[in-house]
Amino acid sequence: MALQVKLLEQSFEGVKPNAHAFAASFYDNLFSDFPQTQALFAHSDMQAQQQKLLASLVLVVENLRQPQVLSTALQDLGNRHAGYGIVPEHYPMVGTSLLKTFETYLGDAWTPEVKQAWVDAYGAITGLMLTGAES
């Protein structure tokens, strides 16, 4: 599957001006739609966690044109997440909350094409992270 790199880059630019609010909204969405995930963050500094989310999204978007770099980084991230107790069942919850947050922040720019680009990207991200989690 070929990712829609340009759409991903352009849409991410649309959330950058509100990046901190975006990250906070993501966790609000995650915890309200999937309250069972709150326990995973019980001992987390949520400000730091929001920064990690943003850093991960920047890493992905900035390396879309460097698949080997991205593959290695996401496998490492998946390995670390496994150590935090993240299991495969959590990934769809995160994906749903991420897409919901993008939809909110992109407004009219959240077109069916942009949505599909992020669905495809999140599927690829999940696959790489789960590969890393297995190692």
Side-chain angles (χ1 to χ4, degrees):
M1 158 190 18
L3 297 179
Q4 297 296 319
V5 173
K6 190 170 181 107
L7 278 177
L8 294 167
E9 291 171 340
Q10 289 172 341
S11 60
F12 190 66
E13 284 298 315
V15 301
K16 272 186 174 180
N18 300 304
H20 295 290
F22 176 93
S25 293
F26 164 78
Y27 286 103
D28 289 344
N29 288 333
L30 182 66
F31 297 155
S32 86
D33 293 344
F34 305 100
Q36 65 271 36
T37 61
Q38 287 180 328
L40 296 167
F41 299 92
H43 303 290
S44 298
D45 172 344
M46 289 310 295
Q47 293 291 331
Q49 194 61 43
Q50 291 169 19
Q51 288 300 97
K52 290 176 185 178
L53 170 68
L54 292 174
S56 294
L57 288 171
V58 167
L59 171 82
V60 166
V61 174
E62 288 184 352
N63 287 287
L64 287 168
R65 297 174 194 276
Q66 299 178 63
Q68 188 53 45
V69 170
L70 192 54
S71 178
T72 300
L74 289 173
Q75 288 180 29
D76 290 346
L77 187 62
N79 184 272
R80 286 195 309 275
H81 276 75
Y84 305 141
I86 305 302
V87 295
E89 293 76 24
H90 293 129
Y91 285 82
M93 296 175 204
V94 169
T96 296
S97 297
L98 186 64
L99 294 175
K100 182 178 183 177
T101 308
F102 269 114
E103 181 177 11
T104 299
Y105 279 81
L106 289 174
D108 291 341
W110 184 249
T111 64
E113 295 80 18
V114 171
K115 178 180 180 179
Q116 191 60 55
W118 280 103
V119 167
D120 293 346
Y122 189 72
I125 291 165
T126 296
L128 290 166
M129 287 182 70
L130 288 172
T131 297
E134 293 169 1
S135 61

Can a donor-acceptor pair be found, under 3.5 Å and without considering hydrogens, that links the side chain of [X] to the backbone of [Y]?
{"X": "Ser11", "Y": "Leu8", "result": "yes"}
{"X": "Asn29", "Y": "Ser25", "result": "yes"}
{"X": "Asn18", "Y": "Ala21", "result": "no"}
{"X": "Tyr122", "Y": "Val94", "result": "no"}

Where [X] and [Y] come nearest, the two heavy atoms and their spacing:
{"X": "Leu59", "Y": "Leu70", "result": "O-CD1, 4.0 Å"}
{"X": "Leu77", "Y": "Ser56", "result": "CD2-OG, 3.9 Å"}
{"X": "Phe26", "Y": "Ser97", "result": "CE1-CB, 3.7 Å"}
{"X": "Phe12", "Y": "Leu57", "result": "CE1-CB, 3.7 Å"}
{"X": "Ala117", "Y": "Gln4", "result": "CB-CB, 3.8 Å"}

Lys115 side, atom NZ; Leu106 side, atom CG - distance, nearest 0.5 Å: 13.0 Å

Nearest-0.5 Å distance, CG of residue Leu98 to CE of residue Met93: 15.0 Å

For Tyr27, all residues meeting side chain to side chain donor-acceptor pair (under 3.5 Å), sequence neighbours excluded: Gln49

Residue pairs fulfilling salt bridge (charged side-chain N to carboxylate O under 4.0 Å, His left out) with at least one residue in residues 23-41, sequence neighbours excluded: Asp33-Lys100

Salt bridge (charged side-chain N to carboxylate O under 4.0 Å, His left out) partners of residues 51-67, not counting sequence neighbours, each pair once: Glu9-Arg65

Side-chain donor-acceptor contact under 3.5 Å, Asp120 with Gln116: yes

Val58-Phe22 co-clustered via ILVMFWY side chain contacts under 4.5 Å: yes

Derivation and outcome, side chain to side chain contact (heavy atoms under 4.5 Å, CB included), residues Val114 and Phe102: CA-CA 10 Å; Val114 171; Phe102 269 114; over 6 Å; no

